[in-house]
Amino acid sequence: MQYWLMKSEPDVFGIDDLMARPKQTEPWDGVRNYQARNMMRDQMQVGDQVFFYHSNCAEPGIVGIMQVAKAGYPDVTAQDPDSKYHDPKATADNPRWYRVDVKFVRKFPRTITLNELKQHAQLDGMAVLARGNRLSITPVSKAQWDFILALA
DNA sequence: GCCAACGTTGGC
DNA sequence: GCCAACGTTGGC
């Protein structure tokens, strides 16, 4: 089993939105970056544990945990002309973009802020903290996962 | 709203 | 294959 961190803007889809979904499960669609796509398509497996990270908001940071409920499969929103995630180069034969389904596990009693994460030497090298990082999905090591869980 | 950092596109 | 232009991300 592997560990991950996935970003979302709470104004668009936050952890409270995930909690309110039927079965507390949601397709993680709209990812249009090849590195992130490859992780979803090739690596993420059912049961993998994922930190839910709120980005582009007043208090960016980790707000809870979800898990992968369905491994990578084509993101059909790319093939839908009415979707805001439409990509004219995506077809049924060549879907181009992939998504996974995620399921809510728990919400932390507080946000573990980006600022706080940066202050722990134990988390030096964590992908999400790397300078200039913009990837919306990054791997988390077991050591990093355990350390952050203990902060929550 | 600003802007640094980064990924993608497309002309050559 | 190079690289300038452009669009996006995301912290601040």
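Just so it is clear: chains get the letters A, B, ... in the order the sequence lines come, proteins before strands, and each one is counted from 1.
Residues Asn56(A) and Arg134(A) each lie close to DNA chain B; by heavy-atom proximity, the contact nearer the 5' end of the strand is made by Asn56(A). Each of Asn133(A) and Lys89(A) was assigned the nucleotide of DNA chain B with the nearest heavy atom; the assignment lying further toward the 5' end belongs to Asn133(A).
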Using a 3.5 Å cut-off and no angle test, enumerate the donor-acceptor pairs between side-chain atoms of residues 139-152 of chain A and protein atoms at least two apart in sequence or in another chain.
residue: Ser141(A); atom: OG; partner: Gln144(A); partner atom: N; Å: 3.0
residue: Ser141(A); atom: OG; partner: Gln144(A); partner atom: OE1; Å: 3.4
residue: Lys142(A); atom: NZ; partner: Asp146(A); partner atom: OD1; Å: 3.4
residue: Lys142(A); atom: NZ; partner: Asp146(A); partner atom: OD2; Å: 2.9
residue: Gln144(A); atom: OE1; partner: Ser141(A); partner atom: N; Å: 2.9

Per-pair distances, 0.1 Å, donor-acceptor, side chain in residues 15-24 of chain A, under 3.5 Å, sequence neighbours excluded:
residue: Asp16(A); atom: OD1; partner: Lys107(A); partner atom: NZ; Å: 2.8
residue: Asp17(A); atom: OD2; partner: Gly14(A); partner atom: N; Å: 2.7
residue: Arg21(A); atom: NE; partner: Glu26(A); partner atom: OE1; Å: 2.8
residue: Arg21(A); atom: NE; partner: Glu26(A); partner atom: OE2; Å: 3.4
residue: Gln24(A); atom: NE2; partner: Met19(A); partner atom: O; Å: 3.1

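Between Arg96(A) and Asp87(A) there is a salt bridge, since a side-chain N of the basic residue sits under 4.0 Å from a carboxylate O of the acidic one.
Under 3.5 Å, the side chains of Tyr73(A) and Asp101(A) contain a donor-acceptor pair of N or O atoms.
Within 4.0 Å (heavy atoms only), Glu9(A) reaches no atom of the nucleic acid at all.
Heavy-atom contacts of chain A under 4.0 Å fall on DNA chain B between two terminal nucleotides, which in 5' to 3' order are dA5(B) to dT9(B).
The CG atom of Asp42(A) lies 7.5 Å from the CZ atom of Arg37(A); values are rounded to the nearest 0.5 Å.
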